[in-house]
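Structure first, commentary second.
All of these numbers come straight from a predicted model, not from anything done at the bench. Atoms considered below: every heavy atom in the structure, side chains included; atoms not considered: hydrogens, waters and symmetry mates.
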Amino acid sequence: MQSYTEQSHFRQPSRAMAVQPSSPGGISMPAVQPFQRMVSPASMSGVVQLGKKKTKKNTGDNEPEPKKEKKGEVDSDEEVLPTTPQDLLVSVLGIDETEAQEILAKTVMYSELAAKNADGIRFLAGDKGRHKRAELELNERGLQRARDTVSRFNILQERLNLDDDLAHFATHTAAETSSYSNEDMEGFGKTYNDDEEKWEDDPEFDRDAFVAALEREQEDFHANRSKGGGGGSGDWAFGSVRNEAKEIGRSGDQQLFKNGKYTIHHKVSRSNLKGLHKKMVQHADVSQSFKLKLEEIGTSTFKGASNTQKILLNLPFNLEVGPSGDNRIGDPGSGVDLNTDEDGARTPRSEVLNEIDNAIGNETQMNQQQFWDALTTKLETLRKLQNSQLKADGREDNVLSKPKVDQWEPQQGGKFRRR
């Protein structure tokens, strides 16, 4: 449960670096093409006009001429209509297929277009769809907005190493990034040295704190959606975890869980766990014991789940249900978030989780089997501690243990601060 903040973690650079919308790899995007017609210039509306097939009348004085076989040609002036969203973007906006694919994957600009089937795409291509095309901004302005969004998405991925789900959330949903231009975002983590005329690392930008804030905002979004919360792209939680968390929020302390709203907090952060999983895959020859332990937990705890990254993000002993983002202030730091007992000492579970968090930062040992074997042993220790806690809570049939309500201190305005 890393740093919680109600303010942006961004620090605008002292001198903005101009960013040109670019495709992956840093290649400059082609200049915006004019709105292209899909038919001949004779069509004033710029939409497809379906022609009539050419035929030759048989007068009866002679036999019909045999059809000439022309390989690869159609004996018709009928326009070939696009049948996919990607084809329509290429045909109308004059961009290449790679850029069209990237726009559809990384923006929500044409989400309605992406949801249509082949018949719907043909309708948009035809004369009757011209007003709908205008609504979808299939024009120069719409293309430029899409390119700007893709540029922002790529900066978040490349500079901050966000995965697809979190980059998409940050680009389209999160308040953390919505007010920042591409030029501002290019400066994240960098500052300009006027004397040496170069960009350097900005010591005031905390990448881990920023990513942690995004992860919590994404979790709040999925947990407290109006239609019950959870599900959909970007929601890391298994259904069993999400359902139990919702029940805890609904039936728990109604000051802490105001209106039943909640957040599931990670002790070891999601970003650290994702990094650990990536290293597990990279060092597959020595990390088998850890992978097998995750699969075992997936089988016994999550009804046969086999996605090892999602299992890792849902490890119950690393989770705790707490108040939602709009019901807490002064959130703790961006590192591992640990529980303590009445004397201020770490609880046994938090002590082991802290050891795992420290191990994740030691990448030099991740190519050794003993590193992964040690982590595997820690996972089993945590499972036993979790099962003991569930028994003490009277929740043997559940996945999540009861929240530590006494670790949230009431503040003015009815909000809570983590002790």
Side-chain angles (χ1 to χ4, degrees), residues 1-4 212 215-216 219 236-238 240-242 244-245 247-249 252-253 256-257 262-277 280 289-290 293-294 296-298 300-302 308 310-323 328 331-362 371-409 416 418-419:
M1 189 171 61
Q2 318 85 303
S3 82
Y4 294 110
E215 289 179 340
R216 283 191 304 279
E219 161 57 14
W236 56 269
F238 282 127
S240 57
V241 170
R242 182 66 69 200
E244 286 193 22
E247 178 58 25
I248 289 173
D253 185 312
L256 189 64
F257 302 110
Y262 69 93
T263 298
I264 307 176
H265 304 290
H266 285 77
K267 298 300 184 182
V268 179
S269 71
R270 282 162 51 197
S271 56
N272 278 358
L273 292 176
K274 288 176 181 178
L276 179 64
H277 187 270
M280 183 195 80
S289 62
F290 190 74
K293 178 59 67 176
L294 291 177
E296 178 188 331
I297 294 173
S300 61
T301 306
F302 299 118
T308 50
K310 195 157 188 177
I311 295 168
L312 186 59
L313 296 180
N314 281 268
L315 293 174
F317 42 75
N318 188 48
L319 305 176
E320 186 169 341
V321 180
R328 62 178 189 254
D331 294 330
S334 60
V336 61
D337 176 49
L338 305 173
N339 289 338
T340 57
D341 58 25
E342 294 179 355
D343 298 326
R346 291 172 185 158
T347 62
R349 188 174 67 167
S350 286
E351 188 64 49
V352 180
L353 287 169
N354 186 57
E355 292 172 1
I356 291 177
D357 192 68
N358 289 335
I360 292 175
N362 191 1
F371 172 88
W372 297 99
D373 289 349
L375 283 187
T376 303
T377 299
K378 294 182 190 303
L379 290 190
E380 185 57 32
T381 298
L382 287 166
R383 284 183 71 187
K384 292 177 180 178
L385 289 170
Q386 177 75 356
N387 288 336
S388 297
Q389 185 64 56
L390 289 172
K391 186 174 181 180
D393 292 344
R395 293 174 58 85
E396 292 96 331
D397 296 331
N398 296 92
V399 173
L400 299 176
S401 52
K402 291 171 65 174
K404 307 293 184 184
V405 176
D406 58 344
Q407 298 204 37
W408 292 96
E409 184 178 8
F416 289 83
R418 191 78 157 84
R419 295 182 190 273

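When side chains are defined from C-beta on, D253 does not count as touching W408, because their heavy atoms never get closer than 4.5 Å. At least one side-chain heavy atom of R328 sits under 4.5 Å from a side-chain heavy atom of T263. In this structure the side chain of K274 reaches within 4.5 angstrom of the side chain of L313, judged on heavy atoms. At a threshold of 4.5 Å between non-hydrogen side-chain atoms, the residues P316 and T301 count as touching. Looking only at side-chain heavy atoms (C-beta outward), F290 and L379 come within less than 4.5 Å of each other. Counting heavy atoms from C-beta outward, T308 and M280 have side chains that approach closer than 4.5 Å. Side-chain contact between N354 and R346: present, with at least one pair of heavy atoms (C-beta onward) separated by less than 4.5 Å. Taking the side chain as every heavy atom from C-beta outward, Y262 and P403 never approach each other to under 4.5 Å.
With sequence neighbours excluded, no residue forms a ring-ring contact (aromatic ring centres under 6.0 Å, His included) with F317. With sequence neighbours excluded, the residues satisfying side-chain hydrogen bond (donor to acceptor under 3.5 Å, both in side chains) with N362 are T364. Residues passing the salt bridge (Lys or Arg N to Asp or Glu O under 4.0 Å) test with E296, sequence neighbours excluded: K293, R383.
Without hydrogens or angle criteria, N314 side chain to W236 main chain gives a donor-acceptor distance under 3.5 Å. Using modelled atom types, one side-chain atom of Q386 and one backbone atom of V399 make a donor-acceptor pair closer than 3.5 Å. At least one donor-acceptor pair under 3.5 Å links the side chain of R395 to the backbone N or O of L400. No donor-acceptor pair closer than 3.5 Å links the side chain of D393 to the backbone N or O of S401. Remark: the backbone N or O of W372 is paired with a side-chain donor or acceptor of T376 at under 3.5 angstrom. E215 places a side-chain N or O within donor-acceptor distance of the main-chain N or O of S271, the cut-off being under 3.5 Å.
Considering CG of D357 and OG of S269, their distance stands at 6.5 Å, rounded to 0.5 Å. Distance CG/N272 to NZ/K267: 15.0 Å, rounded to 0.5 Å. One distance of note links CD1 of I360 with CG of L276; it measures 4.5 Å at 0.5 Å rounding.
Between N318 and L273, the closest heavy-atom pair is ND2-CD1, 3.5 Å. Scanning both residues, A237 and V241, for their nearest heavy atoms gives CB-CG1, 4.5 Å. Between H265 and V321, the shortest heavy-atom contact is CD2-C, 4.3 Å.
Other residues, nucleotides and ligands contribute over 12 non-hydrogen atoms within 6.0 Å of the NZ atom of K310.
No salt bridge links K404 with E320; every basic N to acidic carboxylate O contact stays at or beyond 4.0 Å.
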**Working for salt bridge (Lys or Arg N to Asp or Glu O under 4.0 Å), residues R242 and E219** = CA-CA 11 Å; R242 182 66 69 200; E219 161 57 14; 3.0 Å; yes
**Request:** Show the numbers, then the answer: is there a salt bridge (Lys or Arg N to Asp or Glu O under 4.0 Å) between K391 and E396?
**Result:** CA-CA 5 Å; K391 186 174 181 180; E396 292 96 331; over 6 Å; no
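Of the candidates T381, L385, L382, P348 forms a side-chain contact (heavy atoms from CB on, under 4.5 Å) with just one, namely L385.
For F302 and F238, the ring centers are positioned less than 6.0 Å apart.
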